[in-house]
Each structure stands twice: as C-alpha cells, then as structure tokens.
Amino acid sequence: MTNCVQSWPEPVIRVQHLSDSGLLAIPERYVKKPSDRPIFVPASPSAAAGGEVVNIPVVDVSGLYSGDADLRRKTAAEIDEACREWGFFQAVNHGVSHDLMRRTREVWREFFELPLAEKQMYANSPTTYEGYGSRLGVEKGMSLDWSDYFFLNYLPARLRDQNKWPSPPVSCRELVEEYSKQVVELCGKLMKIFSINLGLKEDYLLEAFGGEGLGACMRVNYYPKCPQPDLTLGLSSHSDPGGMTLLFPDENVSGLQVRRGENWLTVTPLPNAFIVNLGDQLQVLSNAKYKSVEHRVIVNSERERVSLAFFYNPRGDMVIKPAEELITAEEPPLYPPTTYDQYRLYIRMKGPCGKSQVESIKSPQ
Ligand code: OGA
Ligand code: NI
C-alpha cells in the first residue's frame with residue numbers, strides 16, 4: 001500500500017551537503033524547541049560522581065542454543081526481562097557474520113561519500129520512501145532532523161527491487177542481500193523466543209506477522225557532523241512503528257539515546273553487537289507486556305555517524321491486535337485491531353513524534 005502524497009512539499013536539502021558547506025550556524029528548520037534539545041550533562045548524578053553508568057542490557061544470544069538447559073533458560077529469561085523492562089537490549093554472539101556487518105556498513109559509508117549527483121539518481125518520494133531521503137513526514141514547514149538516509153525493501157520478495165539499491169559502490173547490492181538474509185534469520189529466532197517467553201506457541205508472533213509474507217526493510221542513517229549539536233537532533237524522539245528493529249550502529253561514535261523515565265540514556269555500543277528494540281506492533285500484540293520504547297539520536301561536531309537500521313515488520317494487510325491468550329478479565333485488550341499499513345501512515349505523514357501514536361490508539365478503559 002502506498003500513501004496518497006506523491007511528492008515532498010518543498011525542495012529537499014541534503015544535510016550532508018549542508019554540513020560540508022562549512023556553515024557555522026544551522027538553519028532555523030533544524031533548531032529544536034528547548035525541551036527537545038539534547039542536554040550535554042552526565043545521565044545521572046552517580047555517573048558524574050564516577051559511579052556506575054547504566055546501559056541497556058546485554059544478552060549473549062548463543063546461550064539460547066547451549067547444551068546446558070539452565071543456560072538456555074537463563075538466556076531466555078534475560079531476553080524476557082529486557083523486553084518487559086527496557087524494550088531494548090544489545091545482542092552479542094548472535095550468529096550474523098561480523099565481517100559481513102562491517103563490510104555492509106562500510107559500503108554504505110562509501111555510498112554517502114559519492115558525489116551528490118550520483119546519489120540524487122536514487123532520490124526518494126513519500127509515496128514509498130524507497131531510496132535516498134532527507135526527511136520523514138510531509139508537512140510543509142515541519143521541523144527537520146540532522147540526517148540523510150537510504151531506505152530499501154527486502155521482504156516481501158515482490159517489493160525487493162535491486163535496481164533501486166545503489167550501484168556503485170559495486171558490492172553494495174550483494175552485501176545488502178546477504179546481510180538482510182542473515183539478519184532476517186536472526187529476527188526469526190528472536191520472534192520464537194519472544195513468543196515462548198510470552199506464553200504463546202512458538203510460531204505465534206511469526207504467524208501474526210503474516211509468516212512468509214512478512215515485511216523487512218532497511219534504513220541506512222547518515223548523521224553528518226553538525227556545527228551546533230546542542231540545538232538539534234539527528235533523529236527526533238520516536239518509537240519504531242513496526243515489529244522489531246536490529247540496529248548496527250557506528251561503534252566509534254555514539255549517538256543513540258533511549259528514554260528511561262524522564263532521562264535520556266546514551267547507549268555505548270559494544271563491538272559487533274546488534275541493538276535490538278521492540279516496535280509498536282509487539283507492544284500491541286503482547287498487550288503492552290512488552291514495550292516499544294522511545295529513542296532518538298544526538299549528533300556531534302567531530303564525526304559523522306552511519307547506522308544500519310533493519311526493520312522486521314508485519315505484512316502490511318495483517319490485522320494486528322493483542323493476542324487472545326494474553327487477555328483476561330483483569331487485563332482487557334488495550335488496543336483496537338489495526339492493519340500495519342494503516343498504522344504506519346501516521347509516521348510517514350507526520351514524521352517522528354515520540355510515542356504519541358501507540359498511546360493515542362489505546363482503547364478507553
Ligand atoms: C531508526 C533509529 C537509531 C540510530 O532508524 O529508527 O532509531 O542510531 N535509528 O541510527
Ligand atoms: Ni528507531
């Protein structure tokens with residue numbers, strides 16, 4: 001399904017090229033209102049005092065496949081706890097080739113380093129968002145984020161069109177294909193564990209997503225250097241609208257922040273780890289036992305940052321609603337049934353808006 005808007009409401013500015021122009025002050029359109037600006041102070045007083053710095057949970061996924069039943073249970077319990085309490089965890093020993101991960105990220109860095117004219121051949125529109133883009137949302141005059149991106153579809157296979165993926169760089173298409181294949185496999189394993197952890201049959205979530213017809217797409221985010229990083233954001237606060245996201249960040253440049261109550265926690269990425277986070281559809285299916293948590297990206301004046309965000313989503317026409325097995329008299333369904341196509345129109349039109357969407361559809365209790 002597509003949405004009805006065919007083109008951007010105003011000329012698109014490539015943030016990377018704005019950054020390269022050497023400007024000292026960012027245009028007004030990128031300046032966030034004071035309450036949304038990042039605050040460059042340590043996340044907690046204990047961190048300032050040299051105490052423990054809180055990070056999102058780290059899970060060694062290989063424990064799920066250990067010969068030791070206790071370790072398997074312990075690992076599944078760690079994932080369950082992370083899904084309930086954080087909506088985020090870092091997965092290590094996840095089975096995806098580290099070399100492939102690095103090569104895929106580097107080939108995307110090369111893409112963004114190509115001359116503007118070569119990238120413009122892939123310029124996207126809000127009809128499908130596929131291609132080279134610089135904004136989310138179509139409202140004229142809306143606040144803009146300090147980033148460019150490349151968005152592509154991998155699944156369902158009928159939406160996969162390699163001609164829309166960059167070439168050059170020469171190995172880009174091949175790497176994206178193999179990377180996506182391995183990441184989809186990992187997502188499938190995690191979906192089984194989430195199902196079992198929720199007390200559902202192991203294929204429940206996969207089937208709810210439409211089985212073979214489920215969706216997978218990738219957004220490569222490019223956050224250029226910014227002369228006034230304290231005034232703007234690389235990506236405004238949002239929760240991911242889909243099922244789950246596997247993020248491969250730039251290990252050398254942090255930027256992702258996760259909301260924890262009133263605070264924003266800056267994630268320290270571990271080498272070769274995926275940052276896994278749950279999207280709104282898993283919050284709905286689990287009737288809010290699992291949380292999709294708000295996150296955002298801050299930028300800096302020293303280094304650009306590249307991240308690969310892989311989204312694993314329900315098929316567009318699947319009706320997503322809380323699993324009946326999780327509904328009781330005390331815990332009625334919190335959300336009405338909605339197709340994913342319908343659901344994602346909101347972020348595609350309005351851009352990132354915190355958790356306003358999943359909160360707004362909540363049924364009155
Ligand atoms: C996203 C996202 C975070 C990052 O693409 O949805 O949250 O660190 N990305 O790039
Ligand atoms: Ni996100």
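Excluded from the calculations below are hydrogen atoms, water molecules and symmetry mates; all remaining heavy atoms, backbone and side chain alike, are included. Note that ligands are numbered from 1 as they come in the structure, with each ligand's atoms numbered from 1 the same way. Predicted model, so just to flag it, every value in this text is computed and none were measured.
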Would [X] and [Y] count as a cation-pi pair here, with the cationic atom under 6.0 angstrom from the ring centre and within 45° of the axis?
X	Y	answer
R219	F151	no
R160	W165	no
R14	Y132	yes

query = Under the side-chain contact (heavy atoms from CB on, under 4.5 Å) test, which residues partner D317, sequence neighbours left out?
reply =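 By the side-chain contact (heavy atoms from CB on, under 4.5 Å) rule, D317 matches R315.
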note = Listed as residue and atom, the protein N/O/S atoms under 2.8 Å from the Ni ion (ligand 2) are H238 NE2, D240 OD1, H295 NE2
query = Any side-chain heavy atom of E207 sitting closer than 4.5 Å to one from K201?
reply =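 Result yes, sub-4.5 Å side-chain heavy-atom pair found.
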inquiry  = Check the orientation of F112 and W108. Use parallel for under 30°, tilted for 30 to 60°, and perpendicular for over 60°.
reply    = tilted
request  = From the options D280, T245, D240, select the one residue that forms a side-chain hydrogen bond (donor to acceptor under 3.5 Å, both in side chains) with S292.
outcome  =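 When D280, T245, D240 are each tested with S292, the side-chain hydrogen bond (donor to acceptor under 3.5 Å, both in side chains) holds only for D280.
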task = Please lay out, stage by stage, how E78 and K74 fare under the test salt bridge (Lys or Arg N to Asp or Glu O under 4.0 Å).
result = CA-CA 6 Å; E78 284 171 7; K74 180 172 162 283; 3.1 Å; yes
Under 3.5 Å donor-acceptor pairs involving side-chain atoms of residues 19-26, not counting sequence neighbours:
{"residue": "S19", "atom": "OG", "partner": "K225", "partner atom": "O", "Å": "2.9"}
{"residue": "S21", "atom": "OG", "partner": "L18", "partner atom": "O", "Å": "2.5"}

Pairs under 3.5 Å, N/O atoms on ligand 1 and on the protein: can you put them in a table with the distances?
{"residue": "ligand 1", "atom": "5 (O)", "partner": "R219", "partner atom": "NH2", "Å": "2.7"}
{"residue": "ligand 1", "atom": "5 (O)", "partner": "N221", "partner atom": "ND2", "Å": "3.1"}
{"residue": "ligand 1", "atom": "6 (O)", "partner": "R219", "partner atom": "NH2", "Å": "3.2"}
{"residue": "ligand 1", "atom": "6 (O)", "partner": "H238", "partner atom": "NE2", "Å": "3.1"}
{"residue": "ligand 1", "atom": "6 (O)", "partner": "D240", "partner atom": "OD1", "Å": "3.2"}
{"residue": "ligand 1", "atom": "7 (O)", "partner": "H238", "partner atom": "NE2", "Å": "3.2"}
{"residue": "ligand 1", "atom": "7 (O)", "partner": "H295", "partner atom": "NE2", "Å": "2.9"}
{"residue": "ligand 1", "atom": "8 (O)", "partner": "R305", "partner atom": "NH1", "Å": "3.1"}
{"residue": "ligand 1", "atom": "8 (O)", "partner": "R305", "partner atom": "NH2", "Å": "2.9"}
{"residue": "ligand 1", "atom": "10 (O)", "partner": "N221", "partner atom": "ND2", "Å": "3.4"}
{"residue": "ligand 1", "atom": "10 (O)", "partner": "Y223", "partner atom": "OH", "Å": "2.7"}
{"residue": "ligand 1", "atom": "10 (O)", "partner": "S307", "partner atom": "OG", "Å": "2.6"}

